[in-house]
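Report on the structure given below.
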Amino acid sequence: MPLRVYNTLTRTKEDFQTVEPGKVSMYLCGPTVYKPAHIGHMVGPVIFDTIKKYLVYAGYDVTFVINITDVDDKLIVKAAEKGMTVKALADQMTADYFDNLKLMAVDSIDCFPYATDHIGDMQSMIQKLIDKGHAYPLNGDVYFAVETDDDYGKLSNRSISQMLAGTRVEANDTKRNPADFALWKSSKPGEPTWDSPWGPGRPGWHIECSAMSAKILGESIDIHGGGLDLMFPHHENELAQSECCSGKPFARYWLHNGLMQSGKGTGKVGGAHSKHGDAPATGATAGSSGSAEDPSAQIAGKLAGSAGAESVKTAVFAHHPPEAVRFFLLSTHYRSPIDFSIENIAATEKSLEGFYRLFETAERLTGVNYYTLEAPKTKTTATKLDGLPAEFAAALSEQRAKFIEAMDDDFSSGGAVACLFEIRRILNSFINDKKLEAGGTDADKVALKTGLTLLKELTNLLGVLRTAPAKKGGDDELANGLMDLILDIRADARTNKNWPVADKIRNALKALNIVVEDSPSGARWTRG
RNA sequence: GGCUCCGUCGCCAAGUGGCUAAGGCAAUGGAUUGCAAAUCCAUCAUGCGUCGGUUCAAAUCCGACCGGAGCCUCCA
């Protein structure tokens, strides 16, 4: 089964064929760094990071670029508001963005080009467009002439006339066509500015992606990604500029991820209500107007504009482990809108507990630490299942095949996630059947270890289940010491079949939110 | 007004022409356990918004309708 990807340009799933055999160039539109990253900013990076990991697994040599747009109108406005320089604000917000990527285990990006480092490249591109008659200077600005591009509108499937029909046209607009967009903007005093053949100014919004993409990845790239909201005008304009400039196809495949949405689809911030009434934990109580300080404000509404004076780092990750958030993002298809509600993320956290439990058990039985376990990174070097009990090997192999099948079908991570749960079940079953808790053979332990390695091979592709959950046991010596003592006394009571005492201890601890579990190898406790 | 997209079990969610419609959460029964917890096994949509149509065959294609979302405003 070949890899197939949905291409926005053709609105169909196509077989994946790269420009250069064996190599993939990927460009994802990154943030304009004028405010802290919100949870929605994490969606694209997580998805395309996963795509890259999978392409590497499939044997491709992948170069993945995300740009940082550090010059822009909004940045100028925001910096002025805060009394900071544009650069200082951009640096601060870029650092915040990187922090969050790290938390989300997004670690496969090869290059983060900054717009301000490529002004020269943008100017050359603009000059070339002017020379070719696709752009024209006007009072210190330079505009792209959409009518010179026969294909204009092909990505978002709209025509120039159609676009103008529904929009009010500014009367004093001197552009040749109202749909023409700025490649270069003359600057006002106090704004960041660069010299240019058309006068001092700064680049327009879309040109940085075209210029940096061509510079770093070449004029024709394989995958261009971004949020669905960027399809128009951003990607449409990028496409027009790039192709008019180079005369070559800009990107083979356009991949657009769905946008994150609030609770129950009520749209704007403040209109969102939880279906079941009270939203637990984050106190979106009285007054449904999501304030910016409210953690759930990050979860409300469109996420883009209004909310988000606070970084996702503190607004979301303080309450929900980034691991769970990443797992949640990948449990649905990347093109679907994502309903980021507190209930949903809580359900994901709950569903992960079974994995953590399995890893704990496995470590106790085999000494293998799942989180540091090394696993193969490519299909050709995949975990070998030779010598394992036949049924066990067959079950694991089937799930790996299904996982690959799902990912091959337009990176259907939701289907792939189901395989992880199946493998969890298979491993737990194996532990039960082979009575590993009560001893078991070395061969069975090796088999279990191999099963874990296969699971790790797959969870690595999704970038999930990489770190142990926050400690649930005791982290102070006194508590540990006391619990050892208490459980020791209880063990004596159980040996003497003194059930009332044993149960009293367990129940009393339960009231203190400490859960005691018995097993053949002794009692364990966790903070509930 | 124009352009997209979506509606699958109580909830989340795969599947987009043909195997018994994945999986998770919740629930129920059983195994296990001194009792629990955890784990395993079993059950849980003759049905995929509604009504028509195409087809040997449709959740999957077409039409209409109902309901929801996004874009056309420099939001990832």
Side-chain angles (χ1 to χ4, degrees), chain A residues 8 11 13 28-32 35 37-45 47-48 66 69 72-74 153 156-159 161-168 181-182 204-206 225-234 237 256-261 264-267 275-276 302-306 308 327-328 331-333 335-337 339 341 343-354 357-358 360-361 402 406 409 412-422 424-425 427-433 437 494 497-499 502-503 506-507 510 515-520 523-524 526:
Chain A
T8 304
R11 317 256 161 193
K13 272 187 208 170
L28 176 67
C29 287
T32 300
K35 66 177 181 184
H38 61 68
I39 185 68
H41 286 120
M42 297 295 111
V43 177
I47 285 165
F48 287 91
I66 297 183
T69 298
D72 174 85
D73 291 3
K74 282 180 300 193
S156 56
N157 188 30
R158 59 189 84 198
S159 66
S161 58
Q162 209 173 58
M163 282 162 41
L164 300 178
T167 325
R168 53 259 149 209
F181 55 91
W205 179 29
H206 321 292
L228 205 50
D229 54 340
L230 291 183
M231 193 166 89
F232 188 90
H234 185 57
N237 292 351
H256 287 101
N257 61 268
L259 303 183
M260 187 168 268
Q261 295 177 353
K264 302 304 168 186
T266 33
K275 199 182 223 171
H276 304 295
K302 261 182 73 184
L303 289 153
S306 35
F327 197 96
F328 173 68
S331 56
T332 169
H333 191 89
R335 276 190 281 121
S336 308
D339 189 10
S341 69
E343 293 92 329
N344 289 347
I345 199 71
T348 299
E349 285 175 55
K350 184 118 173 84
S351 73
L352 291 179
E353 280 174 19
R357 240 174 220 290
L358 168 64
E360 256 175 59
T361 306
K402 281 190 174 175
D409 183 11
S412 182
S413 56
V417 161
C419 301
L420 303 182
F421 285 102
E422 287 293 337
R424 179 177 86 185
R425 202 201 78 241
L427 297 182
N428 274 324
S429 255
F430 188 76
I431 291 169
N432 277 4
D433 294 350
E437 283 281 13
R494 295 186 71 222
K497 298 198 188 301
N498 189 345
W499 310 127
D503 290 346
R506 190 173 61 197
N507 292 336
K510 173 99 183 180
V515 179
V516 175
E517 296 177 17
D518 295 313
S519 83
R524 280 183 297 280
T526 50

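All values below were derived from every heavy atom in this structure, side-chain atoms included, with hydrogens, water molecules and symmetry-related copies excluded. As the structure is a prediction and not an experimental result, all values here were calculated from the model. Here is how names work: the chains are called A, B, and so on, in the same order as the sequence lines, proteins then strands, and each is numbered from 1.
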Return the value, rounded to whole Å, for the distance between atom [atom1] of [X] and atom [atom2] of [N].
X      : N     : atom1 : atom2 : result
A:I47  : B:A76 : CD1   : P     : 15 Å
A:R11  : B:C5  : CZ    : P     : 6 Å
A:D339 : B:C6  : CG    : P     : 17 Å
A:I345 : B:C12 : CD1   : C1'   : 12 Å
A:E422 : B:A22 : CD    : C1'   : 8 Å
A:R425 : B:A38 : CZ    : P     : 18 Å
A:E349 : B:G24 : CD    : C1'   : 14 Å
A:H41  : B:C75 : NE2   : P     : 10 Å

Roughly how many Å apart are [M] and [N], using the [atom1] atom of each and rounding to a whole number?
N     : M     : atom1 : value
B:A76 : B:C71 : P     : 13 Å
B:C44 : B:G7  : P     : 25 Å
B:U54 : B:C12 : C1'   : 34 Å
B:U8  : B:A59 : P     : 15 Å
B:A58 : B:U46 : C1'   : 15 Å
B:G1  : B:G17 : P     : 32 Å
B:U73 : B:C51 : P     : 39 Å
B:U60 : B:G47 : P     : 15 Å

Identify whether any heavy atom of [X] sits under 4.0 Å from a base atom; if not, whether one sits that close to sugar-phosphate; answer base, sugar-phosphate or nothing.
X      : value
A:L228 : nothing
A:S156 : sugar-phosphate
A:D72  : base
A:G414 : base
A:R524 : nothing
A:K402 : nothing
A:L259 : base

Got a donor-acceptor pair under 3.5 Å from the side chain of A:R506 to the base of B:A36?
->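 Check passes, donor-acceptor contact within cut-off.
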
Is any N or O donor-acceptor pair between the side chain of A:D503 and the base of B:G34 shorter than 3.5 Å?
->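 It does, because a donor-acceptor pair links the side chain of A:D503 to the base of B:G34 below 3.5 Å.
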
Please tell me which of the listed nucleotides, [options], lies nearest to the side chain of [X]?
X      : options             : result
A:N428 : B:A38, B:A76, B:C40 : B:C40
A:A418 : B:C3, B:U16, B:G23  : B:G23
A:R357 : B:A76, B:U16, B:A38 : B:A38
A:S412 : B:A38, B:C71, B:A14 : B:A14
A:Q261 : B:C40, B:G23, B:A69 : B:A69
A:W499 : B:G34, B:C41, B:G15 : B:G34
A:N344 : B:C12, B:C71, B:U39 : B:C12
A:D518 : B:C75, B:A36, B:A38 : B:A36
A:K13  : B:A14, B:A76, B:U16 : B:U16
A:H333 : B:G2, B:C75, B:A14  : B:A14

Heavy atoms only: give me the nearest A:R424-A:G354 pair and the separation to one decimal.
->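 Scanning both residues, the minimum pair turns out to be NH1-CA, 3.5 Å.
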
What are the two closest non-hydrogen atoms of A:A523 and A:D518, and how far apart are they?
->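 In this case the closest contact between A:A523 and A:D518 is CB-OD1, 3.5 Å.
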
So what's [N] paired with, Watson-Crick or G-U wobble, going by both distances under 3.5 Å?
N     : result
B:A45 : none
B:A69 : B:U4
B:C51 : B:G63
B:U33 : none

Decide side chain to side chain donor-acceptor pair (under 3.5 Å) for A:N344 and A:S341; before the verdict, give the C-alpha distance in whole Å, the side-chain angles of both, and the deciding distance to 0.1 Å.
-> CA-CA 5 Å; A:N344 289 347; A:S341 69; 3.3 Å; yes

Is any side-chain heavy atom of [Y] closer than 4.5 Å to one of [X]?
X      : Y      : value
A:H41  : A:K35  : yes
A:C29  : A:L230 : yes
A:I431 : A:L358 : yes

Take the angle between the ring planes of A:F421 and A:F327 and call it parallel below 30°, perpendicular above 60°, tilted in between.
->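 Rings of A:F421 and A:F327: perpendicular, over 60°.
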
Below 4.0 Å: OP1/OP2 of [N] and any side-chain N or O of [X]:
X      : N     : value
A:T332 : B:A14 : yes
A:N157 : B:U4  : yes
A:K350 : B:G24 : no

Between A:H234 and A:V417, just flag the one whose closest nucleotide in RNA chain B comes earlier from the 5' side.
->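 It is A:V417 whose nearest nucleotide is closer to the 5' end.
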
Name the residue closer to the 5' end of RNA chain B, choosing between A:M231 and A:H206 according to the nucleotide with the nearest heavy atom.
->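 That would be A:M231.
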
Do A:S429 and A:N432 meet the criterion of a side-chain donor-acceptor pair at a distance under 3.5 Å?
->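 The criterion, which ignores hydrogens and geometry beyond distance, is not satisfied for A:N432 and A:S429.
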
Using the rule for Phe, Tyr, His and the six-membered ring of Trp, do A:F421 and B:G23 stack at under 5.5 Å and under 30°?
->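 No, aromatic ring not over the base.
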
A:E517 and salt bridge (charged side-chain N to carboxylate O under 4.0 Å, His left out): which partner among A:R524, A:K510, A:R357?
->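 Among A:R524, A:K510, A:R357, the one meeting salt bridge (charged side-chain N to carboxylate O under 4.0 Å, His left out) with A:E517 is A:R357.
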
